[in-house]
Asker: 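Have a look at this one before I ask anything.
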Amino acid sequence: MRIAVTYEDGQVFQHFGHTREFKVYDVEDGEVRSAQVAETNGAGHGALAGVLSALNAGVLICGGIGGGAQAALAEAGIQIYGGVSGGADEAVASFLAGTLAYDPDVCCSHHGEHHHQGGECGGHSCGEHTCGGQ
């Protein structure tokens, strides 16, 4: 199994469509065998599903993610675990242990620039939009 996590500075990056890196974990017999960081090369919302397909990812762990990206990933057969925050390695360990805290109804319906100024997305309301199905 191959798990991809939206990634920045060791953490689960909170906006799928703006992620610059995925950390990709190869898992065998329920244990991480290897991990590497893969660049997205500036691919935006629509192209990231293709990046994940090219990486042969079967699972995505992320923060906020919009409906269009969710549909593209579902079409590619990639399972989504959104609304996750914290360390990427810890999120994968929790996923493998069956204890990952995620939001099955996660959404991110905004496209504002406030995220570039320190705002985040992933399971909260930040005033200009609602994420995490709230």
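Because the structure is a prediction, the values reported are computed rather than measured.
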Asker: Working note: Val92 + Lys23, criterion side chain to side chain contact (heavy atoms under 4.5 Å, CB included); need CA distance, chi angles, decisive distance, verdict.
Answerer: CA-CA 10 Å; Val92 170; Lys23 189 163 184 183; over 6 Å; no
Asker: If you look at every heavy atom in Thr6 and Gly63, which pair is closest and at what distance?
Answerer: OG1-N, 4.0 Å
Asker: At their closest point, which heavy atom of Gln70 faces which heavy atom of Val106, and how far apart are they?
Answerer: NE2-O, 2.7 Å
Asker: Does Val59 form a side chain to side chain contact (heavy atoms under 4.5 Å, CB included) with Ile78? I'd like the steps, not just the answer.
Answerer: CA-CA 5 Å; Val59 171; Ile78 298 170; 5.8 Å; no
Asker: Side-chain contact, heavy-atom cut-off 4.5 Å: Arg20 with Phe13?
Answerer: no
Asker: What is the minimum heavy-atom distance between Asp26 and Arg2, and which atoms define it?
Answerer: OD1-NE, 2.7 Å
Asker: Quick check on Glu39: does its CD atom have over 12 non-hydrogen neighbours (other residues, nucleotides or ligands) under 6.0 Å away?
Answerer: yes
Asker: Going by atom types only, do Asp103 and Tyr81 share a side-chain donor-acceptor pair under 3.5 Å?
Answerer: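 No.
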Asker: Transitively linked via ILVMFWY side-chain contacts under 4.5 Å: Val32 with Met1?
Answerer: yes
Asker: Sub-3.5 Å donor-acceptor pair from the side chain of Gln79 to the main-chain atoms of Ala74, do we have one?
Answerer: no
Asker: Which residue is it: Val84, Leu73, Ile80, Val5? I am looking for the one with a side-chain contact (heavy atoms from CB on, under 4.5 Å) to Cys62.
Answerer: Ile80
Asker: Which heavy-atom pair separates Phe22 from Leu55 by the least distance, and what is that distance?
Answerer: CD1-CD1, 4.4 Å
Asker: On a heavy-atom basis, which atom in Val24 and which in Ala38 lie closest, and how many Å separate them?
Answerer: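 What the structure gives for the nearest pair is CG2-CB, 4.4 Å.
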Asker: What are the two closest non-hydrogen atoms of Tyr102 and Gly82, and how far apart are they?
Answerer: CB-O, 3.3 Å
Asker: For Leu96 and Tyr25, what are the C-alpha separation, side-chain angles and deciding distance, and is it a side chain to side chain contact (heavy atoms under 4.5 Å, CB included)?
Answerer: CA-CA 11 Å; Leu96 294 174; Tyr25 301 79; over 6 Å; no
Asker: Short question: side chain of Thr40, backbone of Thr19 - any donor-acceptor pair under 3.5 Å?
Answerer: yes
Asker: Please tell me whether Phe95 and Val12 are part of a single hydrophobic cluster in this structure, the criterion being side-chain heavy atoms less than 4.5 Å apart.
Answerer: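 Yes, Phe95 connects to Val12 through the hydrophobic network.
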